[in-house]
Amino acid sequence: MFTRRNTRLVLATAAAVSLTGGLLGLSTGTASAAPAKYADDFNGDGYRDYATTDWGSFTVTYGTATGPGTKTKTFTQNSAGVPGKSGDAGGYGDGFGEDLAAADLNRDGYADLAVADRSEKVSGKVSAGAVTIMWGAKSGLGTKATRLPLKAKSHLSFGNELETGDFDGDGKADLAVADGIDTVHIYRGGFTKTGKTGKVTRHTRSNHARTLEPTGLVAGKVTRDKATDLYVLGQGYRKNKMTQDAWLLRGGKTVRWSDKLVAINNTEPDYDPTGVIADFDKDGYGDLAVGDTSYNKGAGSVVVVRGGKSDPTTKYRLTQATSGVATAATKSDGFGYELSAGDTNRDGYADLAVGVPGEKIGSAKDAGGFHILRGGRKGLSGTGSQWFSRTTAGVPGNPEEYGMFGSAIRLRDLDGDGDKDLLAGSVNRATSLHFRAGASGITSDIVTELSLTPTFPQ
């Protein structure tokens with residue numbers, strides 16, 4: 001799951017707001033230390049932590065038994081031990097922290113964080129891009145950082161997207177990095193603090209459909225083997241039209257492309273899509289849910305691509321016009337702008353939280369909200385779905401024009417009771433609302449405000 005779209009929304013909507021006042025867990029072994037229990041437990045205390053993106057920085061909020069705690073730390077390239085320098089990078093701005101991916105990369109019992117900066121000027125090469133690994137320790141992140149090795153090239157935009165996973169199935173955490181041109185670089189574990197990595201392979205789709213720009217990576221288990229698979233979302237070109245496509249890189253001893261390309265949108269590419277992999281129909285294969293926000297004049301949709309033995313299979317589309325979905329599809333709603341998956345009602349099927357930041361609530365334009373779509377034997381549907389906005393009983397606050405509630409959402413067990421809670425907020429705000437989950441799913445019975453924007457990896 002990737003995070004870059006959130007920083008873009010801040011920039012795109014800042015003017016409007018000012019006018020109104022307004023991971024994948026990896027179990028990896030080591031002879032010298034127990035592996036990190038969670039792929040984002042940076043200080044090894046047994047609780048998940050929260051690394052949130054910003055423009056030119058990222059912030060870590062350390063977890064506790066009851067969810068996010070009060071201990072936080074913000075990092076920039078001016079922070080001690082971090083390579084590079086904050087500020088303008090050859091006229092392209094400072095993108096340090098724009099995308100993040102966590103895993104215990106050196107298998108020392110502490111999770112580490114890969115931090116992207118596609119704008120970084122390296123060895124005089126403008127916008128070459130860089131990825132920095134922030135190493136975990138008992139005191140948390142910040143004791144040491146190492147830049148991922150790569151020969152710098154101007155305008156490569158290395159670090160355009162990041163994902164972690166065990167892509168070759170050997171039990172070690174790997175790191176996938178997309179550049180801004182046409183290639184996904186997969187660095188195998190193990191990683192060391194001196195900058196060494198395992199084997200590196202480069203994957204470019206260039207036969208019947210060319211990836212002009214990989215715009216998203218989504219890691220997860222699609223097939224039934226032990227290796228993590230990787231969907232590459234990107235801009236394609238077919239029949240003289242720009243398209244939005246999904247390519248599957250199948251994990252295994254040899255990572256290779258699936259022969260089947262999936263078209264998400266045949267009319268207009270999404271340069272900043274969002275996606276997640278989960279088993280919505282419980283058939284043992286992971287399904288890709290990806291937002292197609294340009295669909296139907298910006299009303300938006302979610303395209304679900306079913307997983308199979310070795311390739312993607314069939315697909316279907318969900319919109320606000322789907323039977324059972326509470327709100328109507330209208331222009332510029334942005335249904336599918338943000339997605340997060342998890343079982344919210346203990347039935348064994350993964351559900352999908354869908355952000356709709358452009359939804360008009362009463363007279364408030366772009367006030368926003370979110371849906372919970374239920375998984376089931378036939379996959380996701382509108383049956384039994386839930387809708388939440390600032391007008392839902394129990395939800396504090398009132399709808400705000402350009403508030404864009406639901407532009408940041410994340411399903412995660414925050415309080416350790418085994419249920420997937422939900423954080424919902426706006427990327428234009430520094431806080432979010434915590435919705436608890438129970439046997440019946442997400443509720444608004446007890447909703448509290450947290451000083452945490454849900455822009456962290458799944």
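Counting begins at 1 with the first residue of the sequence. This is a predicted model, so every value here is computed, not measured.
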A cation-pi test, strictly: NZ or CZ of [X] under 6.0 Å from the centre of the six-membered ring of [Y] and no more than 45 degrees from its axis. Yes or no?
X: R317; Y: Y295; result: yes
X: R306; Y: Y285; result: no
X: R390; Y: F405; result: yes

### Message
Would you say the rings of F42 and Y47 are close, in the sense that their centroids are separated by under 6.0 Å?
### Response
no
#### Entry: Aromatic contact, F388 with F435 (centres under 6.0 Å)
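For F388 and F435, the ring centres are under 6.0 Å apart.
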Could you tell me if the side chain of [Y] sits less than 4.5 Å from the side chain of [X], heavy atoms only?
X: V115; Y: F58; value: yes
X: Y349; Y: R377; value: yes
X: T392; Y: S444; value: yes
X: L422; Y: I372; value: yes
X: S310; Y: R250; value: yes
X: L411; Y: D421; value: no
X: E98; Y: T53; value: no
X: E161; Y: V177; value: no

Keeping [X] on the side-chain end and [Y] on the backbone end, is there a donor-acceptor pair under 3.5 Å?
X: S119; Y: G95; answer: yes
X: T74; Y: T59; answer: no
X: N43; Y: K138; answer: no
X: D415; Y: T66; answer: no
X: N106; Y: F191; answer: no
X: D49; Y: G63; answer: yes
X: N345; Y: S440; answer: no
X: T322; Y: G382; answer: no
X: D333; Y: V356; answer: no
X: R412; Y: K420; answer: no

Requested in this report: For atom NZ of K309, decide whether the heavy atoms of other residues, nucleotides or ligands shown that lie under 6.0 angstrom number more than 12.
Outcome: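 Result for NZ/K309: open.
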Around atom NZ of K365, are there more than 12 heavy atoms from other residues, nucleotides or ligands closer than 6.0 Å? no
Taking atom types as modelled, find out whether [X] and [Y] have a side-chain donor-acceptor pair closer than 3.5 angstrom.
X: T391; Y: S389; result: yes
X: W247; Y: S258; result: no
X: H185; Y: T201; result: no
X: T344; Y: R374; result: yes
X: S301; Y: T319; result: no
X: D292; Y: N265; result: yes
X: N160; Y: S157; result: no

Original post:
Given the rule in the salt bridge (charged side-chain N to carboxylate O under 4.0 Å, His left out) test, do D417 and R436 qualify, once you have shown the distances and angles that lead to the verdict?
Top reply: CA-CA 10 Å; D417 65 356; R436 271 73 173 179; over 6 Å; no
* Let me see the working for T274 and E338 under side-chain hydrogen bond (donor to acceptor under 3.5 Å, both in side chains), right down to the final yes or no. => CA-CA 6 Å; T274 185; E338 183 66 293; 3.1 Å; yes
Q: Please test D245 against I264 for side chain to side chain contact (heavy atoms under 4.5 Å, CB included), starting from the C-alpha separation and ending with a verdict.
A: CA-CA 5 Å; D245 297 321; I264 304 300; 5.8 Å; no
key: Passing candidate, side-chain hydrogen bond (donor to acceptor under 3.5 Å, both in side chains) with R48, options D41, D413, D40, T64   =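 Single pass found, and it is D40.
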Pair [X] + [Y], salt bridge at N-O below 4.0 Å:
X: K226; Y: D166; answer: no
X: E401; Y: K360; answer: no
X: D170; Y: K253; answer: no

Heavy-atom pair with the smallest gap, counting every atom of [X] and [Y]:
X: T228; Y: A219; answer: CG2-CB, 4.1 Å
X: A102; Y: L113; answer: CB-CD1, 4.0 Å
X: L414; Y: L423; answer: CD1-CG, 3.7 Å
X: A341; Y: A278; answer: CB-CB, 3.8 Å
X: A114; Y: V131; answer: CB-CG1, 4.2 Å
X: I277; Y: G220; answer: CD1-N, 3.6 Å

Can you measure from [atom1] ([X]) to [atom2] ([Y]) and round to the nearest 0.5 angstrom?
X: F456; Y: R410; atom1: CZ; atom2: CZ; answer: 6.0 Å
X: L217; Y: L162; atom1: CG; atom2: CG; answer: 7.5 Å
X: L175; Y: I133; atom1: CG; atom2: CD1; answer: 6.0 Å
X: D229; Y: F167; atom1: CG; atom2: CZ; answer: 9.0 Å
X: F96; Y: F75; atom1: CZ; atom2: CZ; answer: 8.5 Å
X: T223; Y: L248; atom1: OG1; atom2: CG; answer: 8.0 Å

* H203: which of V232, T183, L230, V255 passes side-chain contact (heavy atoms from CB on, under 4.5 Å) ->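 Among V232, T183, L230, V255, the one that satisfies the side-chain contact (heavy atoms from CB on, under 4.5 Å) with H203 is V255.
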| said: For Y231 and E163: C-alpha separation, side-chain torsions, deciding distance, then whether side chain to side chain contact (heavy atoms under 4.5 Å, CB included) applies. | reply: CA-CA 10 Å; Y231 268 106; E163 279 284 9; over 6 Å; no
- Task: Using the side chain to side chain contact (heavy atoms under 4.5 Å, CB included) rule, take T52 and D54 through it: C-alpha gap first, then chi angles, then the decisive distance, then the call.
- Result: CA-CA 7 Å; T52 57; D54 205 343; over 6 Å; no
Verify side chain to side chain contact (heavy atoms under 4.5 Å, CB included) between L288 and V218, making sure each step is shown before the conclusion. CA-CA 8 Å; L288 170 71; V218 189; 4.2 Å; yes
